[in-house]
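Everything on this sheet refers to the single structure shown next.
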Amino acid sequence: MKFVKDIFLTLVCVSVLVACTALEKKDNLSQFDNVTVVEEMVIDSRSVPIFPKKAALTTDTARRFSIELPMRCEVDWNNQSVVSVVPAEKIEIVRLGVGDALPEDLQVSDYEFKDLTVKRALDKLLEGTDIAVVEDEPLYEKITGTITAGDLSDAVELMTKMGRVYYSYDAQNGELHLTHRAKWLIKMPQDQTIIMALLDAMHGADMRNLLVDWADKTVVFEGNYQTEREVSKIIADISGKKYMLAWDIDVYRVYPRTDNPIVWMNLLPAFGDKNVKMSIPGVVGRALVVGPEINTKTLQEFLAQQANVVLVSQGTFAIPNGWQSRFDIGQCGREDRLETDLIVGATGKYGDFAGRKKIDAKIVLRTSQGELSSFNIPSNVGDNYVIIGIPTHSFVTTPETLISPFAELVVFMSPRVVSIVDGAGDVSGANELIGDALRDFLND
């Protein structure tokens with residue numbers, strides 16, 4: 001009997017012990033009621049996040065930072081003038097780091113050099129002086145010529161230009177340094193449109209290392225002899241132009257509300273055929289030249305009757321008369337848009353067109369895959385462009401998409417003429433031309 005009682009007490013103790021253990025486990029699990037397993041790691045509310053090591057690269061948001069973007073990517077459609085007049089201003093280019101002036105008492109006469117490198121020719125010229133010639137980098141260009149008479153500075157300037165190199169003189173150490181590259185400063189005009197056109201022209205010449213000081217309106221850049229020639233040509237061309245062209249632009253993605261495309265023929269009864277002046281087909285899409293009555297507001301109201309309209313990008317760009325420039329959709333829009341890769345390029349000239357004053361422009365739509373479409377558009381001052389019929393699927397890179405096959409890209413462009421006149425007195429009260437003043441200006 002005692003043996004049976006001992007067995008019973010043992011079973012009771014074991015049961016109590018098992019129950020306590022189970023309760024303890026239950027209490028411990030309650031502390032981790034929110035458990036997430038990510039790649040075999042247990043993460044709870046008290047865990048410290050662990051991230052993989054990243055390479056030392058500039059972050060995306062820092063890379064996209066640009067002081068120019070607010071100037072390029074905003075259009076005040078409520079205060080837009082189709083013609084503006086600005087005074088002509090001198091654009092000056094100055095070379096930096098030229099060093100000290102060469103001695104004025106040294107003269108050159110009857111000096112001949114033939115098939116010599118710039119350094120050897122200068123070494124020969126400066127024999128017997130305390131000036132040493134130093135190549136800051138290897139220079140292989142050879143020169144030939146004769147200097148009859150002149151100052152030392154004139155002789156050195158001539159010989160280095162012949163060899164397409166630059167020199168700087170260090171008077172303290174008596175060293176004449178030679179290099180292929182130099183640094184310049186451009187003193188820009190005050191008008192923002194001209195500044196943008198100058199920068200865009202320099203970017204178009206593949207100059208990327210531009211340092212722009214927007215406070216004092218200067219640009220610093222580096223380059224070689226060819227770079228200097230390109231920039232000098234751009235400055236001379238801009239300074240010699242009477243007009244500049246600018247375009248304000250809106251880019252929309254349009255989603256039809258039904259399984260049907262936008263009925264663009266409805267533009268005619270909506271605005272009248274006199275407000276749709278020209279229809280220009282392209283390889284893809286169509287460009288319409290429309291009157292001032294069709295603007296961003298009225299166009300969006302028309303599209304809203306048939307579709308949902310999303311503004312993809314907005315901005316402005318300018319070119320000297322006869323030059324070319326471009327507007328990058330992705331620069332002034334979200335990078336996750338399908339259309340980020342699109343570039344709107346423009347070449348234009350304002351002037352005589354078969355006896356009439358017109359803006360003669362070529363508009364090109366281009367992606368990294370090549371040209372999508374182009375349009376030759378002659379128009380009057382005050383007209384706008386509406387490019388229609390560019391399928392959104394042109395920018396889809398995946399085999400399948402949720403984008404409707406009838407969704408399309410619509411580009412609205414409003415050209416402006418910037419007249420550059422000599423003398424500040426000519427622009428008084430004419431910064432914006434409207435009505436009779438505009439007609440008199442165009443007839444002048």
Side-chain angles (χ1 to χ4, degrees), residues 58-81 84-99 166 168 181-224 227-228 230-241 243-249 313-320 323 325-328 330-333 416-428 430-432:
T58 306
T59 61
D60 290 340
T61 51
R63 179 175 50 83
R64 293 196 298 268
F65 180 84
S66 172
I67 299 176
E68 297 176 21
L69 286 190
M71 307 174 199
R72 293 184 181 274
C73 302
E74 293 180 4
V75 179
D76 186 356
W77 291 109
N78 296 320
N79 295 290
Q80 190 200 36
S81 58
S84 57
V85 182
V86 298
E89 297 180 68
K90 183 179 179 181
I91 304 174
E92 186 179 356
I93 179 171
V94 180
R95 193 184 139 215
L96 303 175
V98 296
Y166 300 97
S168 60
R181 298 182 65 80
K183 183 182 291 187
W184 294 269
L185 179 141
I186 300 177
K187 299 177 183 178
M188 298 186 295
Q190 297 299 307
D191 184 76
Q192 184 173 302
T193 302
I194 299 179
I195 293 175
M196 288 297 187
L198 174 63
L199 294 176
D200 286 343
M202 293 177 69
H203 286 142
D206 202 27
M207 297 170 203
R208 300 289 176 232
N209 57 339
L210 305 180
L211 302 177
V212 184
D213 188 329
W214 288 100
D216 63 4
K217 303 291 193 302
T218 59
V219 179
V220 175
F221 69 97
E222 295 184 30
N224 55 21
T227 307
E228 181 188 12
E230 289 286 338
V231 175
S232 298
K233 181 181 177 182
I234 292 170
I235 292 174
D237 211 17
I238 290 179
S239 300
K241 295 299 183 184
Y243 298 103
M244 297 186 67
L245 294 176
W247 280 270
D248 296 327
I249 183 170
S313 187
Q314 179 186 84
T316 184
F317 64 105
I319 59 173
W323 280 65
S325 187
R326 69 187 216 177
F327 176 74
D328 295 84
Q331 187 181 40
C332 295
R416 294 183 285 115
V417 176
V418 180
S419 177
I420 304 171
V421 299
D422 293 327
D426 295 333
V427 300
S428 57
N431 192 37
E432 295 183 2

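Just so you know, these numbers come straight off a predicted model, no measurement behind them.
Met202 is listed as a side-chain neighbour of Ile186, based on a closest heavy-atom distance under 4.5 Å.
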List, one per line, each side-chain donor-acceptor pair under 3.5 Å for residues 231-239, sequence neighbours excluded.
residue	atom	partner	partner atom	Å
Ser232	OG	Glu228	O	2.8
Asp237	OD2	Trp323	NE1	2.2
Ser239	OG	Ile235	O	2.8

Could you pull out every donor-acceptor pair under 3.5 Å between side chains of residues 187-198 and any protein atom, sequence neighbours left out?
residue	atom	partner	partner atom	Å
Asp191	OD2	Thr193	N	3.1
Asp191	OD2	Ile194	N	3.1

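Note that CE of Met71 and CH2 of Trp214 are 4.5 Å apart. Values are rounded to the nearest 0.5 Å. Summarising the geometry, atom CZ belonging to Phe327 is positioned 5.5 Å from atom CD1 belonging to Ile249; distances are rounded to the nearest 0.5 Å. With rounding to the nearest 0.5 angstrom, the CZ atom of Arg95 is 6.5 Å from the OG atom of Ser168. Atom-to-atom distance recorded for Leu211:CG and Glu222:CD is 8.0 Å, nearest 0.5 angstrom.
Here the closest non-hydrogen pair linking Phe221 and Leu210 is CB-CD2, 3.7 Å. Nearest heavy-atom pair across Ser313 and Gly333 is OG-N, 3.9 Å.
Residues forming a side-chain hydrogen bond (donor to acceptor under 3.5 Å, both in side chains) with Ser66 (at least two apart in sequence, or on another chain): none. Judged as a salt bridge (Lys or Arg N to Asp or Glu O under 4.0 Å), and not counting sequence neighbours, the contacts of Arg72 are Glu68, Asp200. Partners of Asp216 according to the side-chain hydrogen bond (donor to acceptor under 3.5 Å, both in side chains) rule, which considers only residues two or more places apart in sequence or in another chain, are Thr218. The side-chain hydrogen bond (donor to acceptor under 3.5 Å, both in side chains) search around Arg326 returns Asp328, not counting sequence neighbours. For Trp77, the ring-ring contact (aromatic ring centres under 6.0 Å, His included) criterion is met by Phe412, not counting sequence neighbours. Under the side chain to side chain contact (heavy atoms under 4.5 Å, CB included) criterion, Asn78 pairs with Asp76, sequence neighbours left out. With sequence neighbours excluded, the residues forming a side chain to side chain contact (heavy atoms under 4.5 Å, CB included) with Ala62 are Thr58, Thr59, listed by chain and number. Residues meeting the side-chain hydrogen bond (donor to acceptor under 3.5 Å, both in side chains) test with Gln314, sequence neighbours left out: Asp250.
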Is there a side chain to side chain contact (heavy atoms under 4.5 Å, CB included) between Leu245 and Val417? Walk through the geometry before answering. CA-CA 5 Å; Leu245 294 176; Val417 176; 4.0 Å; yes
Ile319 and Trp247: CA distance, side-chain angles, deciding distance, side chain to side chain contact (heavy atoms under 4.5 Å, CB included) verdict: CA-CA 9 Å; Ile319 59 173; Trp247 280 270; 3.7 Å; yes
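Between the Ser419 side chain and the Val85 main chain, no donor and acceptor come within less than 3.5 Å of each other.
Heavy atoms of other residues, nucleotides or ligands lying less than 6.0 angstrom from NZ of Lys217 number more than 12.
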